[in-house]
Amino acid sequence: MADWRELYQDLILDHGRRPRNFRQPAGANRQAEGFNPLCGDRIQLYLKLENGVISDLGFQGSGCAISTASASLLTERLKGKTAEEAEAVFQKFHQLILRPEAAAPAEPDLGKLNALAGVAQFPTRIKCATLAWHTLHAALDAADAPVKVSTE
Ligand code: ZN
């Protein structure tokens with residue numbers, strides 16, 4: 001097993017056990033709930049969107065290590081980004097995760113999110129890894145009312 005894979009596995013375990021930004025940020029003005037019935041992962045994602053910039057974000061909920069780590073890494077990666085930048089990261093992440101074979105780390109824009117590349121080898125876990133991202137999408141699109149999304 002290549003060193004970077006071991007490193008990535010540690011990163012996922014760490015974020016799965018000790019998720020970052022596991023909270024509802026003060027002043028959050030966008031919110032969405034995501035549910036992955038295949039695995040039972042459930043998250044609430046909160047954004048504070050100011051002048052098109054995600055000035056703060058956080059999540060709560062319960063799920064497997066992959067869904068939790070993915071949400072945690074997402075919140076770290078997107079803080080301070082514009083909604084458009086977040087969308088671009090989402091597209092790149094989606095490509096990474098749907099790639100048939102796990103390549104070596106190759107997407108500098110994704111940073112630590114590259115750790116989830118190995119999920120591409122486990123189709124049943126792809127929805128765990130993408131749940132937070134679909135929820136993000138819904139939260140960015142939401143006006144005032146909280147929305148719910150499901151991976152099914
Ligand atoms: Zn899961």
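Under a 3.5 Å cut-off, the side chain of Asp141 and the backbone N or O of Ala138 do not form any donor-acceptor pair. No side-chain donor-acceptor contact under 3.5 Å links Thr130 to the backbone of Trp133. Formation of a donor-acceptor pair under 3.5 Å by the Arg77 side chain with backbone atoms of Ala86 is not found in this model. Side chain of Asn29 to backbone of Leu49: a donor-acceptor contact under 3.5 angstrom is found. Put simply, the side chain of Thr82 never gets that close to the backbone of Val53: no donor and acceptor are under 3.5 Å apart. Checking side-chain atoms of Arg20 against main-chain N and O of Arg18 turns up a donor-acceptor pair under 3.5 Å. Formation of a donor-acceptor pair under 3.5 Å by the Ser72 side chain with backbone atoms of Pro19 is not found in this model.
For residues 53-76, the set of pairs meeting the salt bridge (Lys or Arg N to Asp or Glu O under 4.0 Å) definition, not counting sequence neighbours, comprises Arg23-Asp56, Asp56-Lys79, Glu76-Lys112. The ring pair (Phe, Tyr, Trp, His ring centres under 6.0 Å) analysis of residues 64-90, with sequence neighbours excluded, yields the pairs Phe90-His94, Phe90-His134, Phe90-His137. Sorted by first and then second residue, the ring pair (Phe, Tyr, Trp, His ring centres under 6.0 Å) pairs with a member in residues 17-46 read Phe22-Phe59; sequence neighbours excluded.
Here the shortest heavy-atom pairing between Thr68 and His15 reads CG2-O, 3.9 Å. Smallest separation of non-hydrogen atoms from Leu38 and Lys127: CD1-CD, 3.8 Å. Minimum interatomic distance between Leu96 and Ala117 (heavy atoms only, all atoms of both residues): CD1-CB, 3.8 Å. Between Leu116 and Ile97, the shortest heavy-atom distance links the atoms O-CD1, 3.3 Å. Across every non-hydrogen atom of Leu47 and Leu57, the tightest pair is CD2-CB, 3.7 Å. The two atoms that bring Thr75 and Gly58 nearest to each other are CG2-CA, 4.2 Å, heavy atoms only.
In terms of hydrophobic clustering, with Ile, Leu, Val, Met, Phe, Trp and Tyr side chains grouped at heavy-atom distances under 4.5 Å, Leu140 and Leu45 are assigned to a common cluster. In this structure, Val89 is a member of the same hydrophobic cluster as Leu98, with clusters built from ILVMFWY side-chain heavy atoms closer than 4.5 Å.
Judged purely by distance below 3.5 Å, without hydrogens or angles, the side chains of Gln95 and Gln91 never pair a donor atom with an acceptor atom. Counting only N and O atoms by type, the side chains of Gln60 and Gln44 include no donor and acceptor under 3.5 Å apart.
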Assess whether side-chain contact (heavy atoms from CB on, under 4.5 Å) is satisfied between Cys128 and Phe122, documenting all intermediate values. CA-CA 10 Å; Cys128 301; Phe122 306 96; over 6 Å; no
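Ser67 has its side chain within reach of Cys64: a pair of non-hydrogen atoms, C-beta onward, lies under 4.5 Å apart.
In this structure, CZ in Arg42 is found 7.5 Å from OG in Ser62, a value given to the nearest 0.5 Å. The NZ atom of Lys92 sits 7.0 Å away from atom CG of Leu110, with the distance rounded to the nearest 0.5 Å. Interatomic distance, CG of Asn36 versus CD1 of Ile43, reported as 10.5 Å (0.5 Å rounding). Rounded to the nearest 0.5 angstrom, Ile12 CD1 and Leu73 CG are separated by 7.5 Å.
Checking Leu136, Asp41, Ile66, Ile126 one by one against Leu131, the side-chain contact (heavy atoms from CB on, under 4.5 Å) holds for a single residue, Asp41.
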